[in-house]
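The block underneath contains the structure these notes are about, expressed in structure tokens.
Keep in mind that the numbers below use all heavy atoms, side chains included, and drop hydrogens, waters and symmetry copies.
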Amino acid sequence: MRTSVARLYQKGDLRIETAAVAAPGPGEVLLKMAAAGICGSDLHYYQDGGFGPVRVREPIIPGHEASGTVSQAGEGVDLKAGTLVAVNPSQPCGHCEYCEKNMPIHCLEMRFMGSAMRLPHEQGMFREWLVVPAKQCFAVGVATPAAEAACSEPLSVCLHAASRAGEITGKRVLVTGAGPIGALMVAVASYHGAGEIVVTDLADAALDRAKAMGASRTINVSKNAQALAEFEAGKGYFDLVFECSAAAPAIRGAIAAIRPRGTIVQVGVTGDVPIPLNAIVGKELQLHGTQRFHEEFATAVDLISSRKIDVRPIISHSLPLEQAAAAFILAGDRSAACKVQLTF
């Protein structure tokens, strides 16, 4: 059996090819893929050949946020044929120092599907058929569309970021950057009972989606660079910031607008960025990093299946696998697109 795949060779060189598909072994399932989202890291691979020190050094099938239908189950697997599942791309080893300390996110031998961090690269999910361990497959609600199920991975990222923030209920929250992660971060903050959620971005289309996800107020900082100045009075207004842009001006603005002893959770990823350490020290701010997820994946599947978090506003476009290159170009146009998905 063979499958169509989207394989990236280098910056801008994405090809539709075919590859062999093995039968599922014990503990594995064969999935007919349904929908797969283009993530920011996938986009960096396509546009720039990587991000920071992570570079595409050999051909890679991108894609790490997807859903698929069970076609065949290997020995010892309870999942029935026809079941729609969300696929967790994270594969911690289970026995290294950090796994044994219940910190699998920091596994020393982490295998994360569609990632160029390791060599050989971990191949991802932009393919028509996929064999994967059944333990990475989470059945979704029977009425849940495949496109929504495929948003389980990015929602998991935001749920983990929220866990790094401490108490959210009643807090004044600033979300900087309203791309797919920023928009989902708004939904998670709202789900956790934030008292107020203000969102900043450079694009009106992104901010409109943030409103649909639960933002109290949105601010286009490209139209008014001083728009956050009102929040700087009295040493700051916000209790909590989820910084999703990784843009230096946004980070500096957030530090100026947060109150003393507030918490900043850095969700967005980039290279080195200068930040005002004097303000962090002077305000006694808590600055938390956040990366990926673990147990949050099952929670994300449940929240999407029940529509307690409605991800539909972020899904802007769906294109067939054969149009993967066009989908990547579209995903890079923030004035038109939010979450672009491939379908199979």
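In the model, N88 has no side-chain atom that pairs as donor or acceptor with a side-chain atom of S90 under 3.5 Å. Under 3.5 Å, the side chains of Q341 and T343 contain no donor-acceptor pair of N or O atoms. Between Y9 and E17, the side chains place a donor N or O and an acceptor N or O closer than 3.5 Å (distance only, hydrogens not considered). Looking only at atom types and distance, the side chain of E196 has a donor-acceptor partner in the side chain of Y237 under 3.5 Å away.
Residues S71 and W129 are in side-chain contact: their nearest non-hydrogen atoms beyond the backbone lie under 4.5 Å apart. E296 has its side chain within reach of S163: a pair of non-hydrogen atoms, C-beta onward, lies under 4.5 Å apart. Residues I181 and P154 are in side-chain contact: their nearest non-hydrogen atoms beyond the backbone lie under 4.5 Å apart. Annotation: side chain of D42 is in contact with side chain of H64 (closest heavy-atom distance under 4.5 Å). Counting only heavy atoms from C-beta outward, the side chains of T144 and I304 approach each other to under 4.5 Å. Residues R252 and P276 are in side-chain contact: their nearest non-hydrogen atoms beyond the backbone lie under 4.5 Å apart. When side chains are defined from C-beta on, I329 does not count as touching D333, because their heavy atoms never get closer than 4.5 Å. When side chains are defined from C-beta on, T218 does not count as touching V198, because their heavy atoms never get closer than 4.5 Å.
Within the model, atoms OG1 of T263 and CZ of F242 stand 9.0 Å from one another, a figure rounded to the nearest 0.5 Å. Here Q291 contributes atom CD and M110 contributes atom CE; the two are 7.5 Å apart, rounded to the nearest 0.5 Å. L108 CG to H106 NE2: the interatomic distance, rounded to the nearest 0.5 Å, is 10.5 Å. Remark: E243 CD to I255 CD1 distance equals 9.0 Å, nearest 0.5 Å.
For R15 and D13, the salt-bridge test passes: some basic side-chain N is under 4.0 Å from an acidic carboxylate O. A salt bridge links D239 with R259: the distance from a Lys NZ or Arg NE/NH1/NH2 to an Asp or Glu carboxylate oxygen falls below 4.0 Å. The residues D302 and K308 are annotated as not salt-bridged, no charged nitrogen and carboxylate oxygen being separated by less than 4.0 angstrom. A salt bridge is absent between E167 and K171; no separation between the charged side-chain nitrogens and carboxylate oxygens falls under 4.0 Å.
Counting non-hydrogen atoms of other residues, nucleotides and ligands closer than 6.0 Å to NZ of K283 gives a total above 12. Counting heavy-atom neighbours within 6.0 Å of R111 CZ, excluding the residue itself, gives a total of 12 or less. With a 6.0 Å radius and a threshold of 12 heavy atoms from other residues, nucleotides or ligands, Q226 has its CD atom at or below the threshold. Enclosure of atom CZ in R261 is not indicated, since only 12 or fewer non-hydrogen atoms of other residues, nucleotides or ligands lie within 6.0 angstrom. For D272, the CG atom sits in a loose shell: 12 or fewer heavy atoms of surrounding residues, nucleotides or ligands are nearer than 6.0 Å. Counted within 6.0 Å of CD on E230, heavy atoms from surrounding residues, nucleotides or ligands total more than 12; the atom is thus considered enclosed.
For S245 (side chain) and G177 (main-chain N/O), no donor-acceptor pair under 3.5 Å exists by modelled atom type. The backbone N or O of S115 lies less than 3.5 Å from no partner atom in the side chain of R118, so there is not a single donor-acceptor pair.
Side-chain rings of F51 and Y45 approach one another, their centers coming within less than 6.0 Å.
Residues L330 and A337 come closest through the heavy atom pair O-CB, 3.3 Å. The heavy-atom pair separating V340 from A327 by the smallest distance is CG1-O, 3.8 Å. Pairing each heavy atom of V267 with each of A161, the nearest pair is CG2-CB, 4.0 Å.
Taking the ring centre of F112 as origin, the terminal cationic atom of R292 falls inside the region bounded by 6.0 Å and 45° from the ring axis.
Put simply, V269 and I38 are part of two different groups of oily side chains (I, L, V, M, F, W, Y) that touch within less than 4.5 Å, one to the next.
Checked against L303 for a side-chain contact (heavy atoms from CB on, under 4.5 Å), the options V311, I309, V188, D310 give a single hit: I309.
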